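Single-structure report; data block below.
First listed ligand is number 1; within each ligand, the first listed atom is number 1. Treat the numbers as computed from the prediction; the structure is a model and nothing was measured.
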Amino acid sequence: MALGVSFGTAFITGLISHFMQHPPDWLHWPSRPVNLYRVTQGLHVIGGLATVPLLLAKLWTVYPKLLQWPMFRSPAHALERAVMLLLVGGSLFQLVTGVLNISYWYPFPFFFTVAHYWTAYVVVGALIIHIANEWTKARRTVMRKPNDALDRRSLLLSVFAASGAVTLFTVGETVSPLARLALLAPRRPGLGPQRLPVNRTAASAGVTATARDPNWRLKVTGRVQRELSLSLDQLRAMPQHTVRLPIACVEGWSASGTWTGVRLRDVLALAGAPADTRIRAESLQIGGAYNSSEVDPRHWRDPDTLLALSLNGEPLALDHGYPCRLIAPNRPGVLQTKWLKTLAAQ
Ligand SMILES: Nc1nc2c(c(=O)[nH]1)N[C@H]1C(S)=C(S)[C@@H](COP(=O)(O)O)O[C@H]1N2
Ligand SMILES: [Mo]
């Protein structure tokens, strides 16, 4: 039952994350509450980690069935076993690839997000069939007082203790008062330049020279009345706003910062961009999966959506996107594009 709940939660929060990053035309994701994605993705990743002991314990209790003989008693039994193969194989695949992904280790030949996304449907499909098949039997077992109640209790207690320990030692990657306990987490709030973690550094993005170029300009192009080319000084001369917003990485860690800069909507008003346009924010970074992102109208019209020039009271560090980066409420970290070069109205 615990596995059913945790897989269900992972599936829903995973779909949220997927469709936030790949929104179909009819879906307009709200920009509020500002911490919503931080919560759903924290649940996805930390809940997923806490699921590892649950799944291992479950497999340990059922593995003798793997060796049962004859392998297939009937066509129906063969089909049932095929579904179990998908369920067990798929579940292990999701947990293993998820853990490897947040550890930045990619020993597999496929692209993580695509494989993790499609396997989720296979696992949930197989899980629904499995629950339907086992419902009556499981109900009976749960209701009945087991003759080895002590064994069952100690097994459950140790499994939940293991799950709880995993949670306790990772949850600090998003709940900052517990940051010091986040020993199992790959990123910790507070660690990094300007007290904020960094995933992709300027050096690894290959922008150290272009980002420091004194002739850097922010270009506003596309479906606008006036194209703009703004220097850093011109951006600094516009009305500045300060907001407190998190970077909420898809890998589960998140941390709030105090960002100061120009409202995206002010710059777009200056350029005369239409109210319904989507903005493509492009980085100086050449190549890489996250060198651009799209900002839908709900997000760019939000007063908290900034072209940030400073973080925690200092000019933006190079690794945080100097000279100018996007920061918007309720958006995955991958869409908070650093080292901006162009805003193109679609
Ligand atoms: N140009 C560019 N911007 C980027 C990225 C990137 O790889 N390239 N990574 C994104 C990811 S995955 C995250 S979580 C945030 C992290 O921002 P920070 O390094 O300032 O904490 O930046 C985002 N912006
Ligand atoms: Mo990220």
Side-chain angles (χ1 to χ4, degrees), residues 14 16-18 20-22 35 37-38 40-42 44-46 98 100-106 111-113 116 173-174 176 179 185-212 216 218 243-261 264 279-295 299 305-344:
I16 290 175
S17 185
H18 177 84
M20 266 190 169
Q21 291 171 67
H22 309 281
N35 282 308
Y37 182 74
R38 184 179 199 181
T40 63
Q41 196 59 11
H44 185 81
V45 174
I46 297 162
L100 291 177
N101 179 60
I102 64 164
S103 323
Y104 310 98
W105 185 29
Y106 302 97
F111 184 45
F112 165 75
T113 50
H116 200 72
E173 71 176 358
T174 166
S176 48
R187 295 279 187 271
R188 283 199 253 169
L191 287 189
Q194 298 171 331
R195 302 184 300 288
L196 196 76
V198 169
N199 258 11
R200 169 76 63 211
T201 61
S204 68
V207 298
T208 38
T210 45
R212 287 206 193 98
W216 173 87
L218 179 70
V243 300
R244 183 126 183 108
L245 286 180
I247 292 285
C249 183
V250 294
E251 285 138 21
W253 65 266
S254 59
S256 287
T258 302
W259 310 87
T260 303
L264 179 54
I279 302 298
R280 202 178 154 74
E282 292 165 7
S283 170
L284 293 168
Q285 181 188 356
I286 295 163
Y290 305 116
N291 68 352
S292 75
S293 68
E294 295 220 334
V295 194
H299 278 86
T305 298
L306 297 188
L307 299 170
L309 308 175
S310 82
L311 165 59
N312 293 336
E314 294 165 17
L316 217 49
L318 195 56
D319 283 341
H320 285 306
Y322 175 89
C324 173
R325 73 138 352 132
L326 188 68
I327 185 82
N330 192 25
R331 242 165 103 84
V334 288
L335 302 183
Q336 312 281 30
T337 309
K338 303 197 274 194
W339 315 291
L340 285 177
K341 178 180 71 177
T342 310
L343 302 172

[X]: numbered ligand 1 atoms lying under 4.0 Å from its heavy atoms:
{"X": "N199", "result": "12 (S), 19 (O)"}
{"X": "V198", "result": "19 (O)"}
{"X": "W339", "result": "1 (N), 2 (C), 8 (N)"}

Protein heavy-atom partner closest to [atom] - residue, atom, separation in Å:
{"atom": "atom 16 (C) of ligand 1", "answer": "I247 CG2, 3.8 Å"}
{"atom": "atom 23 (C) of ligand 1", "answer": "G333 O, 3.1 Å"}
{"atom": "atom 12 (S) of ligand 1", "answer": "V334 CG1, 3.4 Å"}
{"atom": "atom 19 (O) of ligand 1", "answer": "K338 NZ, 2.5 Å"}

May I ask you to check if ligand 1 and [X] share an N or O to N or O distance below 3.5 Å?
{"X": "Q336", "value": "yes"}
{"X": "N291", "value": "no"}
{"X": "S283", "value": "yes"}
{"X": "P197", "value": "yes"}
{"X": "H320", "value": "yes"}

Would you check if the side chain of [X] reaches a backbone N or O of [Y] as a donor-acceptor pair within less than 3.5 Å?
{"X": "R187", "Y": "V198", "result": "yes"}
{"X": "R325", "Y": "Q336", "result": "yes"}
{"X": "H299", "Y": "P329", "result": "yes"}

### Query
When you check the side-chain N and O atoms of S293 and R331, is any donor under 3.5 Å from an acceptor?
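Result is yes, a qualifying pair exists.
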
### Distance-only donor-acceptor check, side chains T337 and S283, under 3.5 Å
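Their side chains do not contain a donor-acceptor pair, so the 3.5 Å distance test is not met.
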
### Task
Start with the C-alpha gap between Y322 and L309, add the side-chain angles, then the distance that decides, and say whether side-chain contact (heavy atoms from CB on, under 4.5 Å) holds.
CA-CA 7 Å; Y322 175 89; L309 308 175; over 6 Å; no

### Query
Heavy atoms only: which of R200, Q285, R325 is nearest to atom 17 (O) of ligand 1?
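Minimum heavy-atom distance to atom 17 (O) of ligand 1 goes to R325.
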
### Task
Determine the sole option in K341, E282, Q285, R280 for which the side-chain hydrogen bond (donor to acceptor under 3.5 Å, both in side chains) test with S292 is passed.
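Answer after filtering K341, E282, Q285, R280: R280.
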
#### Entry: Straight-line distance of L307 CG to L264 CG, nearest 0.5 Å
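Output value for this atom pair is 5.0 Å.
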
### Message
Within a 6.0 Å radius of atom CD1 on I286, are there more than 12 heavy atoms belonging to other residues, nucleotides or ligands?
### Response
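No - once you tally the heavy atoms of other residues, nucleotides and ligands closer than 6.0 Å, there are 12 at most.
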
